[in-house]
Amino acid sequence: MYTLGIETSCDETSASIVRNGCQVVSLVTSSSLDLHKKYGGIIPEIAFRKQLETISLVSDYALRDAGIALKDIRLLGVTEGPGLLGSLLVGINFAKAVSFALKIPLVRVNHLYGHIYSAFLNKEAASFPCVALVVSGGHTSLFYLKDFDKIDSLGTTQDDACGEAFDKVAKILGLGYPGGPVIERLSRKGNPESIKFGCSQTKRPLDFSFSGIKTAVLYYYNKQLKGNRPSGNLRADICASFQKTVIDTLLEKALLACKTKRVRNIVIAGGVAANSALRDAFYQRMEKENGYKCFFPSKALSTDNAAMIGGLAYQLFKKGRLNA
Ligand code: KG4
Ligand code: ZN
């Protein structure tokens with residue numbers, strides 16, 4: 001059974017054909033990122049205007065790549081939120097129109113749960129119950145999953161999201177947007193032990209706070225510069241030290257969540273989960289040292305994509321979920 005997934009929650013317009021909920025047959029994603037770069041962040045009006053222009057074309061390409069026609073689709077899945085309102089409306093209205101025209105069901109999917117589901121696509125998957133850590137540009141959350149439709153929140157960020165902290169630190173260092181990939185690259189040349197940064201404590205142990213470390217980077221950088229031009233080494237050391245501190249914090253909370261909920265499996269998903277240093281640290285600390293099993297999506301499916309939405313829509317549909 002083929003599902004057409006649609007995802008338009010931020011700068012991307014994405015469509016995917018997913019077979020039987022777990023096999024990604026095609027995935028086409030168009031991003032308006034280049035148009036936002038000069039502003040240092042996403043401009044919602046630019047994003048949804050571009051999505052209006054591209055959604056039909058992107059869906060056509062996804063069908064063509066899968067070698068099927070629109071009439072072969074049996075189910076639609078679309079992101080209902082959280083995300084940029086105008087952008088979400090483009091995807092939802094497109095999906096509603098296709099659902100009405102083809103007389104096929106439509107399931108609306110939570111974007112964060114979609115991220116979790118990305119680790120269940122195309123590969124060996126975690127078994128329930130499990131813990132999931134979602135680290136994206138807009139969210140940092142821990143969840144406890146008994147099933148795809150039985151998900152409880154364990155903790156969330158009290159201020160900046162994890163990816164947002166990468167983006168803001170990159171902006172402070174003049175490295176452009178988005179910050180995650182460039183910080184990961186520069187970190188390889190830096191010494192992660194050279195600067196002692198720390199993430200702020202939170203009242204509830206499974207919540208997160210990343211705003212303090214961003215400010216600490218800002219003060220440290222300005223103090224070191226004192227009107228001089230930034231050196232490559234300074235920026236690399238800051239990136240490596242910042243990245244290590246963030247990863248250590250994520251690890252500490254993920255371990256605590258697994259211990260508290262007494263589960264052995266953890267899913268780590270969202271844009272920041274594309275980071276290789278984070279993956280290595282989780283495999284080392286959670287798997288090798290503590291005996292937990294880590295499940296990541298493929299790197300391509302870590303950032304926003306429609307396959308995770310189509311796949312989860314299928315699972316929810318099987319459980320009786322349906323939206324008009
Ligand atoms: O999940 P995502 O594509 O969009 C949201 O739902 O927000 O995540 C985007 C975020 C951005 O903040 C970006 O800087 C971050 O993921 N990111 C990374 C890496 N690749 C993307 N952060 C760290 N390391 C990376 N390799
Ligand atoms: Zn996302």
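Whatever order the structure lists them in is the order used to number ligands and atoms, beginning at 1.
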Could you tell me which non-hydrogen atom of Thr8 sits nearest to which non-hydrogen atom of Val90, and how far apart they are?
OG1-C, 4.5 Å

Using a 4.0 Å cut-off to any heavy atom of Gly138, which atoms of ligand 1 qualify?
7 (O)

Report yes or no: does a heavy atom of Cys10 sit under 4.0 Å from some atom of ligand 1?
no

Under 4.0 Å from one or more heavy atoms of Gly179, ligand 1 contributes atoms 14 (O)

So which protein heavy atom does atom 21 (C) of ligand 1 come closest to, and at what separation?
Gly271 O, 3.4 Å

Name the residue from Tyr117, Phe143, Phe317 that meets the ring pair (Phe, Tyr, Trp, His ring centres under 6.0 Å) definition with Phe148.
Tyr117

Restricting to N/O/S atoms, is His115 within less than 2.8 Å of the Zn ion (ligand 2) or not?
yes

Quick check: of its N, O or S atoms, which one does Asp304 have closest to the Zn ion (ligand 2)?
OD1

Pro178 N/O under 3.5 Å from ligand 1 N/O
no

Near Gly163, which atoms of ligand 1 are under 4.0 Å from a heavy atom of that residue?
12 (O)

Please confirm if an N, O or S atom belonging to Cys10, backbone or side chain, lies less than 2.8 Å from the Zn ion (ligand 2).
no

Answer with yes or no after comparing the ring centroid distance for Tyr283 and Phe296 against a 6.0 Å cut-off, counting only values under it.
yes

Taking atom 10 (C) of ligand 1 as the reference point, the nearest protein heavy atom with its distance:
Gly137 N, 3.5 Å

Using a plain distance cutoff, I'd like to know if Asp167 has any nitrogen or oxygen under 3.5 Å from a nitrogen or oxygen of ligand 1.
yes

Those atoms of ligand 1 less than 4.0 Å from some heavy atom in His111
6 (O)

If I take atom CG from residue Leu256 and atom CG from residue Leu142, how far apart are they, to the nearest 0.5 angstrom?
9.0 Å

Shortest non-hydrogen contact from Cys10 to Gln51?
O-NE2, 2.9 Å

Got a sec: does the CD of Glu289 have more than 12 other heavy atoms crowding it under 6.0 Å?
yes

Within 4.0 Å of some non-hydrogen atom of His115, the atoms of ligand 1 are 1 (O), 6 (O)

Taking distance alone, with N or O pairs closer than 3.5 Å, would you say Gly270 contacts ligand 1?
no

For atom 26 (N) of ligand 1, the protein heavy atom that lies nearest, with its residue and separation:
Glu184 OE1, 2.7 Å

min-distance protein heavy atom vs atom 25 (C) of ligand 1 -> Gly180 C, 3.6 Å

In terms of its nearest heavy atom to atom 2 (P) of ligand 1, the top option of Asn275, Asn305, Asp304 is Asp304

Compute the centroid of each ring, for Phe242 and then for Phe166, and state whether the two points are separated by less than 6.0 Å.
yes

Are Lys146 and Phe128 in a cation-pi setup, meaning NZ or CZ lies under 6.0 angstrom from the ring centre and within 45 degrees of the ring axis?
no

